[in-house]
Structure formats: structure tokens, C-alpha cells
*Asks:* 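Next up is a structure, given as C-alpha cells.
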Amino acid sequence: MMKGDSEFSYAKNSRIQKRVVLAAKPIVEKAVREVCIDLHPQSMVIADLGCSFGANTLLFISEVITTICEDYNNTIKESSMEVQFFLNDLPSNDFNHIFQSLEQFEQLITQDCACKGLQPPPHFVAGLPGSFYTRLFPCNSVHLFHSSMSVTWLSQVPEQLDGSMNEGNIHIGATTPPSVAKLYQNQFEKDFSRFLQMRCMEIVPGGRMVLTVAGRKSKDVFNAGGTTTIFDLLSQGLRILVAEGRVAKEKLDSFNIPVYCPSADELTQLVQQCELLDISDIQLFEMDENRMHDSEQAEGTTAAHTAGQSMSATLRAATESLVASHFGEDILEEIFMVFARNFTSYIESEVEKSGITIITLYLQAKH
């Protein structure tokens, strides 16, 4: 993710991710309450995996503290429970941005609780760099794991996917060979199974997990709705730049984004194969096309133009480092400018629009 507070930073371009956090809020609140009631921890350990940085990271912490705050003052006052948050992401994440925001965040939390006549529990926040596809915590030490829109990212580009196997595409597109789609599927199965295996070692018996991913409603791996559309339009833009001689065809053919959108059935099957977790709930919702990219419309521009600029900035914030390392920084502006035009044309077209499918898994560790 793009660091800092610049125009194309993740902190300034993560509206979609914020909506996902808010949509999962009822399940997060339920998980927090059930951990308090069922496990009675003196010190609750909560880990946010793939936390990124910016307002969304602090939004999750705020939701947890507010939930505990209400229960803490009403039902578990005697326990004087403390809360330890671990914020995990890759070492390249902008952890400094988080730490620099904490003082103001604490003031706001204290004020918010005081307005309700409540007292927040003692809580502590620490950063934990590292891949969540590896072990991160001691055995039986975490009460609640949370991850929002992060497990969608694979640990790597699918193994054995190289050269021009996915010619003209950067993801699973309409012209992607089924063999390439299968490589993506296999990589996700391998990664998600490992993710669950690691967490099962670290979670306390009876602990909870709330995992939210960009997924798909269809069993068809080629149809991930709005996510497929976004990557198709980026591929289309790169093909235009290849035709203009601005990008080498070999560069496009060898670039694949390590993202996979699973179906609810795939997730369910992998959790069941793990055998150490129960599925308490699984929910799907679709972020409709009209709300995916709402932002303030500049005077003299169309809603479609604003949508194109907004979605381009959102995509750039999430993928710029990948794109720049492969194609070079000199071409970045053109790549995302062409994408913005393509997305604007897509919004203006008569084609039926697809939203982004979001899947939230609520899991409980077996005793």
C-alpha cells in the first residue's frame, strides 16, 4: 500500500475498505462480546492481521474498545479486563503513520466514552511486522483474530505461473486459460490452509476469528463481479499502452497480480478441512456499483468522470508498488490515467454493472 498522506496514498484512498469494515461491525461486536462472556480473559489479546494504516486501522480498534467499554461498564465491571491490540502487516507497511495517529485517537476515544458516561478499559497497541502466512504469536495466546480484505492477497504470484501463460491479462480475465485460473485457485487453497493452520496454533481454545475477503457469488472462478471488471479494465489499459509502444508486450504478459477472490463454498470447504474450527456464521453482501466510488464531484465534471478518477486512485493506492516495480515509475501516471478513462467509459456504458462481493467468516476455535 502507498505510504503517507499523499494524493495517491492508501490513507486517502481506502473508502471501499472502510465500507467493508463498517459492514462487518455487527459480527466483530458479537465476537468481542462472546469472548468476554465465554472466556472471561483478564487480559484480552486481539490481533488485526493485514492492518495496513490510516483511519480504517483505528476504526477497527475503536469498534472493539466501544463494544468492550459498554459491556465493561455494564456486565463485566468486576473483572477489570485489559486489552492488548497487535497490529500486523508486512514490514513495508507504514507503521509510523499508525503510531503518530495514536495520541489523537486516544483523546477521541476517551471523549467519546465520556459522552456516554462510560470508561474505556485499559488498552495497549503494538505493531507486529511479518507475513500472516507464517507463525506470529506464541501458542494459545490470542483471543480474537480479525482480518479485513487482506487474506484476498496471496503470499506470492501462483507457483508455476510464468512467461506468457496468461497473455494479455494481469489476473483471471476472460481470455485467461483454465490452467492459469487453476494455478490461482491452488495457490489460494495452499495459502489459506496455511493461514488457518498458523492461527489454530496461536488462538486460545474457544477463541474467535472474523475474516473478511473480497470474494465471488458465482462458482465460476472467471466471474468475481466488480473485482474482475476492475482488473480487466487495468489489463485493457496496459494492452492499449502496448499497442502504442509505451509498454513492452513481454512486460504485460509476465505481470500477474497475486489476488484471489474465493467463493463461500471454497472458504467453507477449507475451514472444514482444517478440522480445528467451527463456522459460527458466514455472510455475503454486495457493494453495489453506485457506492463503490462515491466521492465529491468537481464542478464541471460528470459523475462518471469523478467515478473514474476515484476508482483509479483507489486501485493505485493498493497496487502502485507492484506496478512500479514491474513496469517502472516513469509509466505510472499513464497507466492509471488510461485506467481512469476506461472506468469512466464503463460507467457511462449500458452494460450491466457488477458490485464487489464481500464475504465475512465468523469462526470459533474448538475446545
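Since we're looking at a predicted model, the values are computed, not measured.
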*Asks:* Quick one: which residue pairs count as a ring-ring contact (aromatic ring centres under 6.0 Å, His included) with a foot in residues 258-281, not counting sequence neighbours?
*Replies:*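 ring-ring contact (aromatic ring centres under 6.0 Å, His included) check on residues 258-281 returns Phe188-Tyr260.
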
*Asks:* Determine, using ring centers only, whether Phe343 and Tyr346 are less than 6.0 Å apart.
*Replies:*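 Yes, the ring of Tyr346 comes within the 6.0 Å limit of the ring of Phe343, centre to centre.
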
*Asks:* Is it true that a side-chain atom of Thr152 and a backbone atom of Ala214 form a donor plus acceptor pair closer than 3.5 Å?
*Replies:*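 Judged by distance alone, yes, a pair lies under 3.5 Å.
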
*Asks:* For Ser155, which residues count as a side-chain contact (heavy atoms from CB on, under 4.5 Å) partner, sequence neighbours excluded?
*Replies:*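 By the side-chain contact (heavy atoms from CB on, under 4.5 Å) rule, Ser155 matches Tyr133, Gln187, Asp191.
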
*Asks:* When hydrophobic residues are tied together by side-chain contacts of less than 4.5 Å, even through go-betweens, does Met81 share a cluster with Val125?
*Replies:*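 As far as the 4.5 Å side-chain criterion goes, Val125 and Met81 are connected within one cluster.
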
*Asks:* With sequence neighbours excluded, give me every ring-ring contact (aromatic ring centres under 6.0 Å, His included) pair touching residues 233-256.
*Replies:*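 Counting only pairs at least two positions apart or across chains, the ring-ring contact (aromatic ring centres under 6.0 Å, His included) contacts touching residues 233-256 are Phe255-His326, Phe255-Phe327.
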
*Asks:* Going only through I, L, V, M, F, W and Y residues with side-chain contacts under 4.5 Å, is there a path from Val21 to Leu361?
*Replies:*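 Val21 does not cluster with Leu361.
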
*Asks:* Does atom CD (Gln269) have a neighbourhood of more than 12 heavy atoms from anything else shown, all under 6.0 Å?
*Replies:*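 No, because the 6.0 Å sphere around CD of Gln269 holds 12 heavy atoms or fewer from other groups.
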
*Asks:* Check this for me: Gln107, atom CD, are more than 12 non-hydrogen atoms of other residues, nucleotides or ligands nearer than 6.0 Å?
*Replies:*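 Yes, enclosed.
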
*Asks:* Please confirm whether the backbone N or O of Ser235 pairs with a side-chain atom of Asn169, one donor and one acceptor, at under 3.5 Å?
*Replies:*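 Flag not set: sc Asn169 to bb Ser235 has no pair under 3.5 Å.
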
*Asks:* Do Val259 and Val221 share a hydrophobic cluster (ILVMFWY, side-chain heavy atoms under 4.5 Å, transitive)?
*Replies:*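 No, no single cluster joins them.
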
*Asks:* Is there a salt bridge (charged side-chain N to carboxylate O under 4.0 Å, His left out) between Asp281 and Lys30? Walk through the geometry before answering.
*Replies:* CA-CA 11 Å; Asp281 196 3; Lys30 182 179 181 182; 5.3 Å; no

*Asks:* For Arg316 and Glu333: C-alpha separation, side-chain torsions, deciding distance, then whether side chain to side chain contact (heavy atoms under 4.5 Å, CB included) applies.
*Replies:* CA-CA 10 Å; Arg316 182 169 180 170; Glu333 291 295 332; 3.1 Å; yes

*Asks:* Within the side chain of Arg135, is there an N or O that forms a donor-acceptor pair under 3.5 Å with the backbone of Phe137?
*Replies:*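 Yes, the answer is positive, given that a donor and an acceptor are paired below the 3.5 Å cut-off.
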
*Asks:* Apply side chain to side chain contact (heavy atoms under 4.5 Å, CB included) to Met311 and Ile347, showing your working.
*Replies:* CA-CA 11 Å; Met311 184 56 77; Ile347 294 297; over 6 Å; no

*Asks:* Do the side chains of Leu322 and Phe336 join up, straight or via other hydrophobic residues, at under 4.5 Å, putting them in one cluster?
*Replies:*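 Same cluster: Leu322 reaches Phe336 through Ile, Leu, Val, Met, Phe, Trp or Tyr contacts under 4.5 Å.
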
*Asks:* Going by side-chain contact (heavy atoms from CB on, under 4.5 Å), Ile203 matches just one of Met209, Gln364, Arg208. Which one?
*Replies:*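 Of the listed options, the one satisfying the test is Met209.
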
*Asks:* In sequence, state the C-alpha distance, the side-chain angles, and the governing distance for Phe85 and Asp48, and then conclude on side chain to side chain contact (heavy atoms under 4.5 Å, CB included).
*Replies:* CA-CA 8 Å; Phe85 291 96; Asp48 188 15; over 6 Å; no

*Asks:* Please state whether the rings of Phe99 and Phe95 are parallel, tilted or perpendicular, taking 30° and 60° as the class boundaries.
*Replies:*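 Rings of Phe99 and Phe95: parallel, as their planes differ by under 30°.
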
*Asks:* Taking side-chain contact (heavy atoms from CB on, under 4.5 Å) as the criterion, tell me which of Thr66, Ile65, Leu59 meets it with Glu63.
*Replies:*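 With Glu63 as partner, side-chain contact (heavy atoms from CB on, under 4.5 Å) holds for just one option, Leu59.
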
*Asks:* Does CZ belonging to Arg33 count more than 12 external heavy atoms closer than 6.0 Å?
*Replies:*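 Correct, the count exceeds 12.
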
*Asks:* Answer yes or no: are there more than 12 heavy-atom neighbours, outside Gln273 itself, under 6.0 Å from its atom CD?
*Replies:*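 Correct, the count exceeds 12.
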
*Asks:* Check step by step if side chain to side chain contact (heavy atoms under 4.5 Å, CB included) holds for Asp232 and Gln236.
*Replies:* CA-CA 6 Å; Asp232 277 351; Gln236 180 184 323; over 6 Å; no

*Asks:* Under 4.5 Å between side-chain heavy atoms, counting indirect links through other Ile/Leu/Val/Met/Phe/Trp/Tyr residues: same cluster for Phe145 and Val151 or not?
*Replies:*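 Phe145 clusters together with Val151.
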
*Asks:* Would you call Lys249-Glu167 a salt bridge at under 4.0 Å N-O?
*Replies:*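 Counted as a salt bridge, because a side-chain N and a carboxylate O are separated by less than 4.0 Å.
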
